[in-house]
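So the structure is just underneath, and the comments pick up after that.
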Amino acid sequence: MGTFSENLKLCRKRRDVSQEVAAVSCKIAYSTYRRYETGEREPNLSTLCTFADYFGVTLDQLAGRTPLPFLENPQP
């Protein structure tokens, strides 16, 4: 299980969108989104909920407390 910033990046890549597209979709500035992925900033609860909804994961999965659903049973 990764950190929040690692999981955010994995979710974005899994959805196959750029940082800019994810930022626009979540209604935040691109530079802010980039800082979340690099670990320079941490989002507030409202933004975390927006990310979880956008990527279709739970807050625990996003935070690294439980595995991301697409990493639980990776295909060989």
Side-chain angles (χ1 to χ4, degrees):
M1 289 181 275
T3 64
F4 164 72
S5 58
E6 293 168 336
N7 287 346
L8 185 64
K9 186 174 184 177
L10 283 171
C11 286
R12 179 181 58 78
K13 288 185 177 244
R14 175 76 174 190
R15 191 160 178 155
D16 196 26
V17 296
S18 67
Q19 287 180 335
E20 187 172 3
V21 167
V24 168
S25 297
C26 294
K27 297 180 173 79
I28 60 172
Y30 162 72
S31 59
T32 302
Y33 183 90
R34 184 181 51 78
R35 287 184 181 107
Y36 293 150
E37 273 198 16
T38 61
E40 295 174 54
R41 287 187 67 174
E42 291 186 359
N44 61 27
L45 182 58
S46 176
T47 303
L48 281 171
C49 290
T50 300
F51 289 152
D53 290 344
Y54 178 69
F55 292 117
V57 297
T58 67
L59 290 176
D60 278 350
Q61 290 166 335
L62 199 54
R65 294 172 46 109
T66 58
L68 290 166
F70 50 86
L71 298 179
E72 286 183 314
N73 297 312
Q75 300 299 319

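FYI, the numbering just counts along the sequence from 1.
Contact between Ser5 and Gly39 at its shortest, heavy atoms only, is CB-N, 3.9 Å. Taking each heavy atom of Asn7 and Gln61 in turn, the nearest pair found is ND2-O, 3.1 Å.
Not counting sequence neighbours, the partners of Glu40 by the side chain to side chain contact (heavy atoms under 4.5 Å, CB included) test are Arg34, Arg35, Thr38. Under the rule for a side chain to side chain donor-acceptor pair (under 3.5 Å), Ser31 has no partner lying at least two apart in sequence or in another chain.
Taking 4.5 Å as the limit, every side-chain heavy atom of Val17 sits out of range of all side-chain heavy atoms of Ser25. Side-chain contact between Leu68 and Phe55 is absent, with no heavy atoms from C-beta onward closer than 4.5 Å.
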ask   = What do the steps show when you test Val24 against Tyr33 for side-chain contact (heavy atoms from CB on, under 4.5 Å), and what is the final call?
value = CA-CA 9 Å; Val24 168; Tyr33 183 90; over 6 Å; no
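Hydrophobic cluster membership differs between Tyr30 and Tyr54, with clusters built from Ile, Leu, Val, Met, Phe, Trp and Tyr side chains linked at under 4.5 angstrom.
Note that the CD atom of Glu42 and the CG atom of Leu8 stand 11.5 Å from one another [nearest 0.5 Å].
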Using distance only, find each side-chain donor-acceptor pair of residues 43-52 under 3.5 Å and give its atom names and separation, not counting sequence neighbours.
| unit_1 | atom_1 | unit_2 | atom_2 | d |
| --- | --- | --- | --- | --- |
| Asn44 | OD1 | Ser46 | N | 3.2 |
| Asn44 | OD1 | Thr47 | N | 2.8 |
| Asn44 | OD1 | Thr47 | OG1 | 2.9 |
| Thr50 | OG1 | Ser46 | O | 3.1 |

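Annotation: salt bridge (Lys or Arg N to Asp or Glu O under 4.0 Å) contacts involving residues 46-63, sequence neighbours excluded, comprise Asp60-Arg65. The stretch residues 8-18 participates, sequence neighbours left out, in these side chain to side chain donor-acceptor pair (under 3.5 Å) pairs: Arg12-Glu37.
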